Amino acid sequence: MSDIEETLGGLPFYQIRVSHRAKRMQLKVSPLGEVEVVLPKRISQKHVAPFVAEHQTWIEQTQQQMAALYPPEELLPGTLKFEATEQQWQLEYLEGKRARIAEIQGSLKVYSQDDDAARKALQNWLSRRAHEVLIPWLHDVSDELGLTFERAVIRAQKTRWGSCSSSGTISINRALLFMPADTVRYLFAHELCHTREMNHSARYWRLVESYIPDYQRHEQVLNKGMRLVPRWALTV
Ligand SMILES: [Zn+2]
């Protein structure tokens with residue numbers, strides 16, 4: 001998969017994601033209103049702009065819906081809660097020349113020169129936490145299910161919870177820390193099953209079901225889940 005960014009006069013800004021698995025072009029609008037076009041590998045890029053133009057009204061309506069669903073909240077949180085690990089912190093913002101975060105008994109002290117630096121420090125802290133928590137957890141689920149993978153990376157994505165490449169690299173969205181633990185486990189099983197079946201065929205879903213019988217419930221949680229992620233955590 002590769003990402004290409006481009007802007008065209010008159011059209012909403014959008015990003016193209018080339019997919020080896022997608023069968024037709026798809027449009028996605030993130031909670032922040034960003035537009036992504038999923039482009040099947042076999043379809044030429046020249047079809048993208050007309051496709052976006054054709055769906056411009058839908059894009060604008062969806063962006064408005066997203067803006068209503070995710071009202072601009074304070075961009076520096078007062079509290080922080082990880083559903084995945086049932087951890088919670090109070091945040092305190094302090095002056096500091098060098099941005100850093102100190103964790104002291106259930107509170108996070110964020111030292112920075114300004115709000116932007118504080119937010120960046122929080123985002124970096126979130127990524128580090130995701131590394132420490134989610135990657136060992138993925139290894140555990142991999143051992144438990146007997147499904148191996150090559151490599152795992154943490155990413156900050158707004159439209160996807162995870163992905164699995166044909167070379168066996170599993171990408172995990174750091175925002176999974178905001179999802180319930182059993183749903184995180186499901187997402188890991190979902191990606192691990194792609195190491196056997198690189199598609200979403202009936203055979204693939206039977207494999208998933210053999211490990212996670214209530215997988216459909218978790219799919220619903222994830223489909224609605226981005227709205228539970230605080231806004232600052234969705235910004236890269
Ligand atoms: Zn999948």
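Being a predicted model, the structure only gives us computed values, none of them experimental. Whatever order the structure lists ligands and atoms in, that order sets their numbers, starting from 1. Any value given below was found using the heavy atoms of this structure, including those in side chains, with hydrogens, waters and symmetry copies removed.
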Give the ring-plane orientation class for [X] versus [Y], where under 30° counts as parallel, over 60° as perpendicular and anything between as tilted.
{"X": "F82", "Y": "W125", "value": "parallel"}
{"X": "H194", "Y": "Y204", "value": "parallel"}
{"X": "Y186", "Y": "H190", "value": "perpendicular"}

### Message
Would you say that more than 12 heavy atoms from the other residues, nucleotides or ligands in this model lie under 6.0 Å from the CD of E150, or not?
### Response
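No, not enclosed.
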
### Message
Side-chain heavy atoms under 4.5 Å apart, restricted to Ile/Leu/Val/Met/Phe/Trp/Tyr: what other residues fall into the cluster of Y111, or is it alone?
### Response
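Joined to Y111, directly or through intermediates: L94.
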
#### Entry: Contact check, side chains of R155 and I172, non-hydrogen atoms, under 4.5 Å
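No, every pair of side-chain atoms sits at 4.5 Å or beyond.
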
### Task
Keeping waters out of it, list the protein N, O or S atoms under 2.8 Å from the Zn ion (ligand 1).
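Less than 2.8 Å away from the Zn ion (ligand 1) sit H190 NE2, H194 NE2, H200 NE2.
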
